[in-house]
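So the structure is just underneath, and the comments pick up after that.
Side-chain atoms are counted along with the backbone in the values below, which use heavy atoms only and exclude waters and symmetry mates.
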Amino acid sequence: MMSDRPAPFPQPYDRAYEQMLEKVRYDGAYPTREKAEEAVRLVLAGLGRQLTGDERVELAARLPFEAARILTAQIPDPQPLTGWAFVKDLATRAGASQATTRWDTGSVFAAVAACAGPDLITRILRQLPSGYALLFGRAELTPAA
């Protein structure tokens, strides 16, 4: 429900962000909320380095405030990474295995997709290089020859 009243100043951890962290914690089977939040911060920052244009703005508008802040604090890379290179880059940054980072990415992207909705995710996947559809839990679509 939309209101004409201005929104109150967002708290660092508003209810929507808390719910997002709980979804990631539950879906990813993380032992603590802190572990889930580490994954959220890592993956959203990485996505912020890949995403540009209207899709970036629209995704930020649909995410909880704190999640949007993490995403938009990043400067997009001029050369976006493929999905596999994205996971490798995050693993290197986190000092974690690629398997763990792939799990983190899928867990966070499931929560992002829940906020964004299927139409926006489809537009985001069209913008990004190959390999991201699987990270979002979708089949990788390739153009017909």
| message | Treating Gln127 as the side-chain partner and Thr52 as the backbone partner, does any N or O pair qualify as donor plus acceptor under 3.5 Å? | response | yes

| request: Heavy atoms only: give me the nearest Thr101-Val87 pair and the separation to one decimal. | output: CG2-O, 3.6 Å

| message | With a 4.5 Å cut-off on side-chain heavy atoms, are Arg62 and Glu58 touching? | response | yes

| query | Is there side-chain contact between Pro64 and Asp14, with at least one heavy-atom pair below 4.5 Å? | reply | yes

| request: Determine whether the side chains of Arg138 and Thr122 contain a donor N or O and an acceptor N or O closer than 3.5 Å. | output: yes

| query | Is a side-chain donor or acceptor of Trp84 paired with a backbone partner of Gly131 at a separation under 3.5 angstrom? | reply | no

| task | Output the distance between atom CD1 (Ile124) and atom CG (Leu47), rounded to the nearest 0.5 Å. | result | 6.5 Å

| task | Kindly work out whether a path of hydrophobic side-chain contacts (I/L/V/M/F/W/Y, heavy atoms less than 4.5 Å apart) joins Leu120 to Phe109. | result | yes

| query | Shortest non-hydrogen contact from Phe136 to Ile121? | reply | CE2-CD1, 3.7 Å

| said: Tell me whether Thr100 contacts the main-chain N or O of Ala96 through its side chain, where contact means a donor paired with an acceptor under 3.5 Å. | reply: no

| task | Let me know which of Glu38, Glu22, Glu18 forms a side-chain hydrogen bond (donor to acceptor under 3.5 Å, both in side chains) with Arg33. | result | Glu18

| Any chance CZ of Arg126 has more than 12 other-residue heavy atoms, nucleotides or ligands included, within less than 6.0 Å? | no

| Shortest non-hydrogen contact from Met20 to Leu63? | CE-CD2, 4.0 Å

| Heavy atoms, side chains only, cut-off 4.5 Å: are Leu90 and Asp104 in contact? | no

| request: Answer yes or no: is there a side-chain heavy-atom contact under 4.5 Å between Pro80 and Gln50? | output: yes

| Taking the side chain as C-beta and beyond, is there a heavy-atom pair between Arg56 and Thr72 under 4.5 Å? | yes

| message | Please find the pair of heavy atoms, one from Ala110 and one from Lys23, that lie closest to each other, and give the distance. | response | O-CE, 3.8 Å

| note | Rounded to the nearest 0.5 angstrom, the CG-CG distance for Asp77 and Leu51 is 12.0 Å

| remark: When every non-hydrogen atom of Ala133 is compared with those of Leu125, the smallest separation belongs to N-CD2, 3.6 Å

| said: Looking at Arg123 and Asp119, is there a salt bridge between them, counting it only when a charged N and a carboxylate O are closer than 4.0 Å? | reply: no

| query | Does Arg25 use its side chain to pair, donor to acceptor, with the backbone of Pro31 at less than 3.5 Å? | reply | yes

| Any side-chain heavy atom of Leu128 within less than 4.5 Å of one from Leu81? | no

| query | Considering all heavy atoms of both residues, which atom of Thr32 and which atom of Lys35 are nearest to each other, and what is their separation? | reply | OG1-N, 3.1 Å

| message | For residues Trp103 and Tyr132: do they belong to one hydrophobic cluster (side chain heavy atoms under 4.5 Å, members Ile, Leu, Val, Met, Phe, Trp, Tyr)? | response | yes

| task | For residues Leu135 and Arg102, determine if any side-chain heavy atom of one lies less than 4.5 Å from a side-chain heavy atom of the other. | result | yes

| field | Polar side chain donor-acceptor pair, Tyr17 to Glu37, under 3.5 angstrom | value | yes

